[in-house]
Amino acid sequence: MRNIEIVWALKDIANYLEFKGDNYYKIQAYRKAARVLAGSPRAIREMYKDGTLKDVPGVGKNILSKIGEMLENGECSLLQRLRSEIPPGIIEIMQVPGLGTKKARLFYENLNIKNLDELEQAARKKQIRVLPGMGAKREQEILRYIKMQRKNTGIFLLSLARELAVEFMNFLEAYPCVSDVFAAGSVRRWNPLVKDLNLLVSTEFPDDLILDIEKHPLVDEVLYRDKHRLKLKTIWMIMLDIIIIPPASFYPALVKATGNEGHWEALCELAVRQGVFLDPEGLYDERGRLIPITSEKEIYRKIGIDYIPPEMRENRGEISLASSGDLPVLLDKKHIKGDLHMHSNWSDGKNSLEELVAKAQEKGYSYVAVTDHSQSLKIARGMPVEKLQKQIEYIEYLNNKFKELTILSGIEVDILSDGSLDYPDDVLSRLDIVVASVHTAFKQDREKMTARIISAIKNPHVDIIGHLTGRILGYRDAYQVDVDKVIEAAAEYNTALEINASPDRMDLSEDNAYRAVKHGVMLSIGTDAHDLRRLGEIDYGISVARRAWLGPEHFLNTMDASELLNYLGRDYD
DNA sequence: GCCGTTTTCGGCCCGACTGTTTTCAGTCG
């Protein structure tokens with residue numbers, strides 16, 4: 001079993017126990033273990049084997065033995081029992097925003113509602129509003145959410161698809177007969193949400209390989225099979241399409257499978273104008289002879305244009321730019337000098353400042369901004385002023401100790417519902433960098449929310465607005481906010497907007513990021529990481545920038561520490 | 001169920017907001 005499956009199982013146990021009305025702290029213990037393990041950079045299986053799993057905070061004797069059971073038998077008897085006692089659809093009902101255990105039980109006991117379908121029917125028949133504590137408004141909210149869920153059926157977060165891709169790529173690359181494997185399609189273009197995963201495998205010997213792939217433990221069902229293609233349903237519910245390509249036609253096939261349809265068609269037309277012919281099997285000269293191709297770059301060059309990075313292959317004008325040699329230089333990992341949004345165990349993060357710094361150094365950063373939560377966000381252990389002051393002093397101490405990397409004293413300060421900030425100005429002025437974000441009162445109307453955020457933008461101590469729209473992909477829509485007005489204000493007051501790199505946020509969206517830059521707004525990328533593993537999610541933030549055609553000049557993170565502090569109006573010593 | 005300037009069981013947990021009420025339970029970040 002992989003980390004993610006163990007984490008899912010622990011969360012499931014917590015959900016079922018919650019529905020049963022079990023002890024609150026027991027439930028929290030399962031949730032905490034799941035959260036900690038989700039952030040683990042190491043394989044749980046390995047830690048179990050070498051005996052270090054018991055040292056993970058939140059993993060005690062009991063949970064350790066449950067995990068052991070899962071690793072050894074592939075399942076956990078407690079979870080199996082819970083699943084047999086409680087209809088699994090109940091858990092989905094508990095996930096509906098505004099509903100929880102109590103409401104799910106209310107529906108189950110009064111109307112025998114066991115899943116979202118039954119809940120939807122009851123809501124349509126106006127049977128929900130008459131239950132105690134419920135009303136017409138709640139009923140509408142339920143229907144709205146179920147509609148959104150239906151729209152998102154079969155759509156997955158890019159991060160999950162990429163994790164699946166890594167599993168199968170590692171598996172396939174271990175075969176000596178396989179010369180290349182690529183994840184293509186929307187996954188390679190870094191679409192934030194994807195429908196399926198296409199893997200292209202280059203090999204001359206597909207037969208045994210196909211039989212072996214079918215036996216992979218993540219495969220749930222074979223939907224289609226022929227000599228060159230395998231369509232699979234995985235146990236993660238993501239559809240996996242494996243296409244076997246002979247090495248000679250691998251790169252044309254990869255180009256075809258990576259770009260969207262419009263991009264491919266435009267390339268084919270362009271090829272004809274250049275006197276060559278492009279199809280998925282190869283590139284041919286005017287006399288129909290196959291031109292040997294050894295890379296994607298070569299294909300683009302042979303049809304007379306510059307190489308187009310996968311993130312741009314959406315047929316949004318990239319081909320004409322590539323024809324005239326005007327493709328922008330895109331932001332790249334190598335440009336990123338630091339991460340500007342992360343949480344430590346001073347608030348709700350899992351790791352100490354020292355651990356974060358060590359990881360950041362490993363990633364080659366020259367600085368990081370530590371931006372823990374501010375005082376009013378109690379659940380996230382938001383820091384009272386005195387604690388913040390201590391953190392500032394401790395960071396100063398660390399900066400003196402570790403000269404190789406600069407730690408910026410930062411904060412993710414709450415924008416309170418009236419637009420004021422969660423610390424007074426004299427406190428904010430002590431910090432190197434201030435990220436201001438909305439974490440409460442999401443349901444304010446558009447006007448109020450917009451004014452609220454703009455008033456934060458106007459505060460001279462605020463450097464960056466964090467996760468501007470609050471969206472959680474596939475779960476929560478953006479709150480009502482006039483993004484254009486916010487962008488205007490950000491430009492006027494020289495406040496940067498964040499691309500929050502968390503794969504379930506990707507907020508700013510690529511469209512908003514593009515618009516902001518066009519209005520002269522600077523951007524930052526922050527992972528919002530709460531543990532070491534998630535520091536790696538900077539890649540998702542970079543992908544938003546690249547899909548928005550943005551280069552290093554638009555980002556705070558590409559400045560070095562002194563340049564950045566100067567830009568932010570802070571002294572550097 | 002986990003944890004402990006630990007050894008045995010008590011503490012862990014937070015307050016604003018919402019939609020429902022007409023004083024509050026349930027949900028959420």
Side-chain angles (χ1 to χ4, degrees), chain A residues 9-37 53-69 76 78-79 82 93-107 123 128-145 343 345 347-350 372-384 412-418 420 422 437-445 448-449 452 466-467 470-472 475-477 479 500 502 504-505 507 528 530:
Chain A
L10 294 173
K11 283 184 182 168
D12 270 355
I13 291 173
N15 287 333
Y16 282 115
L17 291 176
E18 190 178 24
F19 182 74
K20 285 185 71 162
D22 212 315
N23 178 284
Y24 173 81
Y25 298 102
K26 184 169 160 186
I27 295 160
Q28 288 310 97
Y30 277 102
R31 295 229 161 101
K32 186 190 172 196
R35 210 168 47 237
V36 171
L37 291 172
L53 185 56
K54 65 174 187 340
D55 305 327
V56 173
V59 178
K61 216 172 66 184
N62 230 298
I63 291 183
L64 181 70
S65 88
K66 300 274 189 302
I67 294 174
E69 207 189 334
C76 162
L78 169 64
L79 183 55
L82 290 167
I93 292 174
M94 284 162 51
Q95 315 298 326
V96 177
L99 303 182
T101 336
K102 304 280 168 65
K103 299 297 184 199
R105 206 178 301 138
L106 179 77
F107 302 156
I128 298 297
R129 62 179 68 184
V130 297
L131 294 172
M134 301 300 293
K137 217 164 171 175
R138 283 279 175 90
E139 214 172 54
Q140 286 311 309
E141 279 296 297
I142 290 169
L143 286 172
R144 216 173 52 82
Y145 174 78
H343 299 271
N345 58 7
S347 68
D348 64 345
K350 298 293 161 301
D372 276 307
H373 287 291
S374 61
Q375 55 190 350
S376 78
L377 208 62
K378 306 281 185 197
I379 188 74
R381 298 201 299 278
M383 298 184 293
E412 183 180 19
V413 65
D414 260 62
I415 306 174
L416 303 177
S417 60
D418 64 354
S420 65
D422 198 20
S437 310
V438 167
H439 292 113
T440 52
F442 294 136
K443 290 189 175 172
Q444 282 179 334
D445 65 44
K448 204 163 175 192
M449 183 63 89
R452 174 182 178 188
H467 47 72
R471 71 174 184 179
I472 305 290
Y475 179 70
R476 188 174 75 202
D477 287 333
Y479 34 69
N500 189 290
S502 182
D504 60 351
R505 289 190 184 267
D507 181 15
D528 202 353
H530 286 66

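Here is how names work: the chains are called A, B, and so on, in the same order as the sequence lines, proteins then strands, and each is numbered from 1. Remember, predicted model here, so these are calculated numbers, not experimental data.
Taking the side-chain contact (heavy atoms from CB on, under 4.5 Å) definition, one finds that A:Lys103 meets it with A:Leu99, A:Leu106, A:Phe107, A:Met134, A:Arg138, sequence neighbours left out. For A:Ser417, there are no side chain to side chain donor-acceptor pair (under 3.5 Å) partners, not counting sequence neighbours. Applying the salt bridge (Lys or Arg N to Asp or Glu O under 4.0 Å) test to A:Lys137 and every residue at least two apart in sequence or in another chain returns nothing. Residues passing the salt bridge (Lys or Arg N to Asp or Glu O under 4.0 Å) test with A:Glu141 are A:Arg144, sequence neighbours excluded. For A:Asp507, the side chain to side chain donor-acceptor pair (under 3.5 Å) partners are A:Thr469, not counting sequence neighbours. Scanning for side chain to side chain donor-acceptor pair (under 3.5 Å) contacts around A:Gln140 gives an empty result, with sequence neighbours left out. Under the ring-ring contact (aromatic ring centres under 6.0 Å, His included) criterion, A:His343 pairs with A:His341, A:His373, A:His530, sequence neighbours left out. The salt bridge (Lys or Arg N to Asp or Glu O under 4.0 Å) test applied to A:Lys26 returns A:Asp22, not counting sequence neighbours. For the side chain to side chain donor-acceptor pair (under 3.5 Å) test, residues two or more places apart in sequence or in another chain that qualify with A:Tyr145 are A:Gln149.
When the P atom is used for both B:dG10 and B:dA16, the distance is 31 Å, rounded to whole Å. A distance of about 24 Å separates the C1' atoms of B:dT22 and B:dC28, rounded to the whole Å. Nucleotides B:dG1 and B:dT5 place their P atoms 22 Å apart, quoted to the nearest Å. Taking atom C1' in both B:dT8 and B:dC3, one finds a spacing of 12 Å when rounded to whole Å. Comparing the P positions of B:dT7 and B:dG11 gives an interatomic distance of 15 Å, to the nearest angstrom. B:dT23 sits 15 Å from B:dC17 when the C1' atoms are compared, rounded to a whole Å. As rounded to the nearest Å, B:dT20 and B:dT27 have C1' atoms that lie 13 Å from one another.
Between the CD atom of A:Gln375 and the C1' atom of B:dG29 there is a distance of 17 Å, rounded to whole Å. Rounding to whole angstrom units, CG of residue A:Asp414 and P of B:dC14 are separated by 16 Å. Spacing between atom CD1 of A:Ile93 and atom C1' of B:dT27 amounts to 16 Å, rounded to whole angstrom units. Whole-Å rounding puts the A:Asn500 CG to B:dG29 C1' distance at 15 Å. Rounded to a whole Å, the CG atom of A:Leu416 is 17 Å from the P atom of B:dG29. A:Tyr24 places its OH atom 13 Å from the P atom of B:dT27, with the value rounded to the nearest Å. For the pair A:His373 NE2 and B:dC14 P, the interatomic distance rounds to 15 Å; values are reported in whole Å. Summarising the geometry, the separation between CG on A:Leu99 and P on B:dA25 is reported as 18 Å, rounded to the nearest angstrom.
The side chain of A:Lys102 lies closest to B:dG26, out of B:dG26, B:dC28, B:dC14.
With A:Asp422 contributing its side chain and A:Ser376 its backbone, the two residues share a donor-acceptor pair below 3.5 Å.
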Below 3.5 Å is the cut-off: list the nitrogen or oxygen pairs between protein and nucleotides 22-24 of chain B, distance only.
none

Show each protein N/O and nucleotides 1-5 of chain B N/O combination with a separation under 3.5 Å, one pair to a line.
residue	atom	partner	partner atom	Å
B:dC2	OP1	A:Gly60	N	2.7
B:dC2	OP1	A:Gly60	O	3.4
B:dC2	OP1	A:Ile63	N	3.0
B:dC2	OP2	A:Asn62	N	3.3
B:dC3	OP1	A:Gly58	N	2.7

Collect all protein-nucleotide pairs involving nucleotides 16-19 of chain B in which both atoms are nitrogen or oxygen and the distance is under 3.5 Å.
none

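Residue contacts shown for A:Arg129 are absent, as no nucleic acid heavy atom lies under 4.0 Å away. Among the protein residues, A:Val36 comes within range of no part of the nucleic acid, since none of its heavy atoms lies under 4.0 Å from any strand.
The phosphate of B:dC28 (OP1 or OP2) has no side-chain N or O of A:Arg476 nearer than 4.0 angstrom.
Closest heavy-atom contact between A:Arg452 and A:Leu416: NE-O, 2.9 Å.
Ring-plane geometry between A:Phe442 and A:Tyr479 is classed as parallel, the angle between the planes falling under 30 degrees on a 0 to 90 degree scale with a further cut at 60.
Base pairing of B:dT8: no nucleotide in any strand meets the Watson-Crick or G-U wobble criterion (both distances under 3.5 Å).
A:Lys11 and A:Asn15 form no side-chain donor-acceptor contact under 3.5 Å, judged by distance and modelled atom types alone.
Ranked by how close their nearest DNA chain B nucleotide is to the 5' end, A:Gly100 and A:Lys378 are led by A:Lys378.
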